[in-house]
Amino acid sequence: MIQAVMVISTQAKPRLLKFYNFQAPEKHQDLVRSVFQLLSASPDSVSNFVKVDTIFGPGTKMVYKHLATLYFVFVFDSSENELAMLDLVQVFVEILDRCFKNVCELDIVFNFNKLHTILDEMILGGQVIETSSEQVVKYVEEIERLEKQSSTTSFIPKSITERFTR
Amino acid sequence: MASTPPAPAVAPSLVDTLFQRSLNDLVKSLRADPSAAGEAAAVARALSEIHREIRAPDAATKSVALQKLAYLSSLHFAPVGSHPLAFAAIELLASPHLPHKRLAYLAASLSLHPASLSLLPLATHQLHKDLSPSAGAAHQQHVSALALQLLASPAAAAAPDLPVHLAHDLVPHLARGSPRAIAAAARVIAASPSAAVPVLFKPLAACLASPDPRASTAAAAAFCDLSAPPADATPFLPLAPDLYNLLTTSRSNWALIKVLKVFARLAPLEPRLAARIVDPVCQLLTRSSAMSLTFECIRTVLTALPAHDAAVRLAIGKAKEFNAAADDPNLRYLGLLALGMLGPAYASTVNDCRDAIAKSLGDADTNIRQEALHLIMGMVNENNVVDIAGMLISHVAKSDPEFANDILGAVLAACGHNVYEMVVDFDWYVSLLVDMARTLHCAQGDEIGRQLVDVGLRVQDARPELVRSARTLLIDPALLGNHFLFPVLSAAAWISGEYVDLTKDPVELVEALLQPRTNLLPISVRAVYIHAVFKVITWCFSVYVGRLGDSGMAMDVMFDRLAADQTVSLDSNVALGSGEEQDIGASTVRKDPFSHESILYMIDLIQTTVGPLINCNEVEVQERAHNLIGFVHLVREIQELNKRKVADGDEPSRLKELVKTMRTVFCQELGPVSVNAQMKVAPPDGLILNENLVELAGMVSEDDTTPSTSIFFYPCSRHSVDTRDEPAVSIGSSSLSEHRKRHGLFYLQTGKTEDEPSDYPQANDSLPSSSNNSVINDDKSKTAELVFAGKKSTATKSRPKVVKLDTEDFLSSMMPSANVPKEDPLAGALRDVLLGSDAKALSSQRASDINLEGMLNKTSSNESSSQQIENLGSYPASRSSRTTSKQQNHDKEKGTNPRESDGKEPRKHRSSGRSGHRQGKHKHREKSSTQPDTIPQASVIQDFLL
């Protein structure tokens, strides 16, 4: 299964963190730090797989992609195929690109919710549930449409409308 | 008509609600001051704001606060007490408003914490509602997707009763073949097998056969996850037909990858499976264009189907293609990884790709280089170790420092493994060690030095080459500047001192050991150098004196010179006088290292260079310098005496005696010592180990036992035993007796009846002059054969014997016994379900059960039988060697007088080295068979049977 998905900026700031195995919240910062150390230590044009047994437990590997100012990192165990994971990172980036129209780091910084929505459409509980970028984009757009629908019905918070009607 | 706003403590004011900062505002404020302090301040401010807002009665304010809190805790590691967050999240789960619900689910799945699990039961009802399809809302599918998301989150997995209550709600979703439900079911089953398996396993298995490719893919992934290594794959054997069907019909690469992974785990469990799947796998391997699937096929073949030659050849061919991919380092890396997957039994197949792998050592990618090194070290055996090590060392020069040391470390570890079992030609190995030490970035001095000394101790035949190599290291002044090499130089100095009788030119050696640049050495190494000089000069004296024989004339001549020389060096400036002398000496001395001139020259050199060290403030150096200078003075003083009482014939013989005594001090050979050697030291007569030592409680309070190492040196004098043991009798204490209680294992056996005199066991010592040399050698070669009996040696040159101790065998054989297969709850739960419900599954399950049991039995019986074989192999051999040595000893005893033999006999035993240890162990075993309380071997086997 996939153990974690991380997007980390080249400034070592986490932009998206999702753990599919329980990791104590106090440990999250250390995990990000040690992963970033590995990332910054490896030069470009080097194979993208790193064994991370010491960080995430025996048999775990991570695959990463370095695009512009971001590292996209997937951590996985022996039940996943390395090249398939590399493809999945590619798919994830593609989807982001399509959802945000030429994605940049700022999009990711300001769209915490949407990012999680996209990721949740692809991966659930560490299992890949959708690999087609068209499908994921379609779902995400539908969810946005639904949310907008229900937002227009009560634009002003209930507490305020109550106050005014009283 | 506007009412007055409520007090802010109870709920936020209207103004607060209207001007609540959104998540975007928060992010902007965090980015306004990117410094760490600024960010921390912004987070703190936001947190206090959120704590106020989250108590708001209306859902909108609450949800924004919750969103901000989730953001801060996820990406800024804000120390959020999990409680307020969890509670607000669970409150909002019930919101009919989709955006709020989504936020609540996101917050809950991100930050629910086992500590907040007490709150999770509050969510159970809501989850149940959201999962049930009867709700009928337009966005029902999204809502249930959210619920599944939370159910599969790691926090929910830790809540034991959630699956119990909700497993049934998953079933309709599984029946629809929803990939989300399948993935969530896998997590739920993994989290609490006993509760979830009876409900979920069968619907999940049905999904495998689903016509919907998304469902079957998700199901394959789910089973792949559930059968992952820590779990037992056996319960999944009944799924093999469905999986096989998927393997042959599915067009989804994801599904095929997962199916292959499951088969790779099942194939070792069911022998017939491999034959069935080998064809489809090979077809996929040749047909597929997807690299990921190709790689998975290679992995499956190499790990699970290694017996099918054609498939293995095909897979290795593909792996080589990967390896040759010039433009993609990922493929090259995975190609190497694939080649490394083939077990050690098929190493010869991998051997064919050695050139390709060796090329990868020069790859720009560090991962690839590491993997290549790992792979190459995996294929080393005694036949190719010379080639491979040579090739690797040539690579060291071309590599960056870090990788160079990785290579050196790997070579040292491989060659030193299990007491150099791979090394046949020790002359080669010694020169390799020296070459390694001389490579540019070598930082492995400690290990190289250790191995040099260790080889010297263990392999007698390697000593001439060792001494030669040590010389080349010592005479090179450039090496003295490299602090990485100090341990190597220390080892070289020790070797040339210890085995000085093999050296060609002791004068040169003394010069090298005393060269001016040695002041760069650290104290510990300096001390070794000085002590080595001591040994060298002692040996030179003994040879010199031996050569003079009884000719008094020659002796006198020598003494005259000694005296004359001393007066000169006393009167004149030491440094100047010796400087001249050195120049003259150096030219004349070379011809014969044992002539008067050489001896005098060496003595002078020692006095001028070591003399000043007497005032050194480091005790180690000071003490050894004192020893050395003292010895030299002693030799001279005798001559002084001789001068005064002219024509006293005694003096030459005194000198002779002195030199001889010193020589005997050093001629005892040192050897490796078993960790258990202490066990074999019999307590001396009159020492009562059980004596009550309470009176001395106050005197000994510290527990001062040091952990024993595998190798240490010991002095060969009987005195040290007495001095060490006797205080223990007279100054005992209660803490000592406590210590004895705690560490009883390390104490001598009290019930020992043998009354051998107290003497240290000689590990491998053979007294050079003793007459029973042949016996010892016999024994030694026997034990050496014994050690290597299990290996087929094809080397042309016969391997010299390597002294190896029992404990080392023992330890190494104990190492791999740790992994005992254990039952996991998932397997048990699955078995229960399958046994209870499905007749077909039942039979095959039974079969697989039996299979499993059979396998377990097989492994355990293999284990025990191999142990038995080992024991059988060692028992008679040790017994025979023991009896022969005993017999021979008896034969000898007939000739000698009984009093002397009394003292000698045990020494002979022990001096037979390895067999001595075996014998000791054997005795121990005999004893343990009569005493039922100590049976270490049997307990190990029992573990396996359990």
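Lettering follows sequence order; numbering is per chain, from 1.
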Quick one: salt bridge (Lys or Arg N to Asp or Glu O under 4.0 Å) partners of B:Lys68, sequence neighbours excluded? B:Glu49, B:Glu53

Quick check for you: among A:Leu83, A:Asn81, A:Ile129, which has the greatest number of heavy-atom pairs under 4.5 Å with chain B? A:Asn81

Using non-hydrogen atoms only, which part of A:Val128 is less than 4.5 Å away from chain B: side chain, backbone, both, or neither? side chain

For each of A:Ile123, A:Asn48, A:Leu16, tally heavy-atom pairs with chain B at distances under 4.5 Å, and name the one with the top tally. A:Asn48

Look up atom CD in A:Glu147 and atom CG in B:Leu103, then write down how far apart they are to the nearest 0.5 Å. 7.5 Å

Name the region of A:Leu86, side chain, backbone, both or neither, that has any atom closer than 4.5 Å to a heavy atom of chain B. side chain

Using non-hydrogen atoms only, which part of B:Ala184 is less than 4.5 Å away from chain A: side chain, backbone, both, or neither? both

Please determine, among A:Leu17, A:Asp120, A:Asn21, the option with the most heavy-atom pairs under 4.5 Å with chain B. A:Asp120

For B:Arg214, is there an ion pair with A:Glu130 - N to carboxylate O distance below 4.0 angstrom? yes

Ranked by heavy-atom pairs below 4.5 Å to chain A, first place among B:Arg332, B:Met291, B:Arg31 goes to B:Arg31

Would you compute the distance between atom CZ of B:Arg102 and atom CD1 of A:Ile143 and round it to the nearest 0.5 angstrom? 4.5 Å

Spacing of A:Leu124 atom CG and B:Leu151 atom CG [to the nearest 0.5 Å]: 9.0 Å

Checking heavy atoms, do the side chain of B:Tyr333, its backbone, both or neither come under 4.5 Å from chain A? side chain

Take atom NZ of A:Lys13 as the centre, draw a 6.0 Å sphere, and report whether it contains more than 12 heavy atoms from other residues, nucleotides or ligands. no

B:Tyr105 vs A:His116 side-chain heavy atoms within contact, under 4.5 Å: no

Can you tell if the side chain of B:Asn367 reaches within under 4.5 Å of the side chain of A:Phe49, non-hydrogen atoms only? no

What residue, out of B:Ala222, B:Ala228, B:Ser74, has the most heavy-atom pairs lying under 4.5 Å from chain A? B:Ser74

If you define the side chain from C-beta out and look only at heavy atoms, does anything of A:Leu88 sit under 4.5 Å from B:Trp254? yes

May I ask you to name which of B:Asn24, B:Leu30, B:Leu75 has the most heavy-atom pairs under 4.5 Å with chain A? B:Leu75

What do you reckon, is CD of B:Glu402 surrounded by more than 12 foreign heavy atoms closer than 6.0 Å? no

A:Leu106 versus chain B, heavy atoms under 4.5 Å apart: side chain, backbone, both or neither? side chain

Would you compute the distance between atom CE of A:Met1 and atom CZ of B:Arg187 and round it to the nearest 0.5 angstrom? 3.5 Å

Spacing of A:Ser79 atom OG and B:Lys261 atom NZ [to the nearest 0.5 Å]: 6.5 Å

Output the distance between atom CG (B:Asp225) and atom CG (A:Asp77), rounded to the nearest 0.5 Å. 6.5 Å

Between A:Met85, A:Gln23, A:Glu121, who has the most heavy-atom pairs with chain B when the cutoff is under 4.5 Å? A:Glu121

Who among B:Gln149, B:Arg299, B:His76, B:Glu296 has the most heavy-atom pairs with chain A under 4.5 Å? B:Gln149

Any side-chain heavy-atom pair from A:Lys51 and B:Glu371 closer than 4.5 angstrom? yes

Using non-hydrogen atoms and a 4.5 Å limit, figure out which bit of B:Leu331 sits close to chain A: side chain, backbone, both or neither. side chain

Given A:Phe112, which of B:Val27, B:Leu106, B:Leu26 fulfils the side-chain contact (heavy atoms from CB on, under 4.5 Å) condition? B:Leu106

With only heavy atoms counted, which part of A:Leu119 is less than 4.5 Å from chain B, the side chain, the backbone, both or neither? neither

Which region of A:Thr117, side chain (C-beta onward) or backbone (N, CA, C, O), has a non-hydrogen atom less than 4.5 Å from a non-hydrogen atom of chain B, or is it both or neither? both

Examine whether an atom of B:Leu260 lies under 4.5 Å from a heavy atom of chain A, and if so say whether it belongs to the side chain, the backbone or both; otherwise answer neither. neither

Can you confirm whether B:Lys258 sits close enough to A:Glu80 that some side-chain heavy atom of one is under 4.5 Å from a side-chain heavy atom of the other? yes

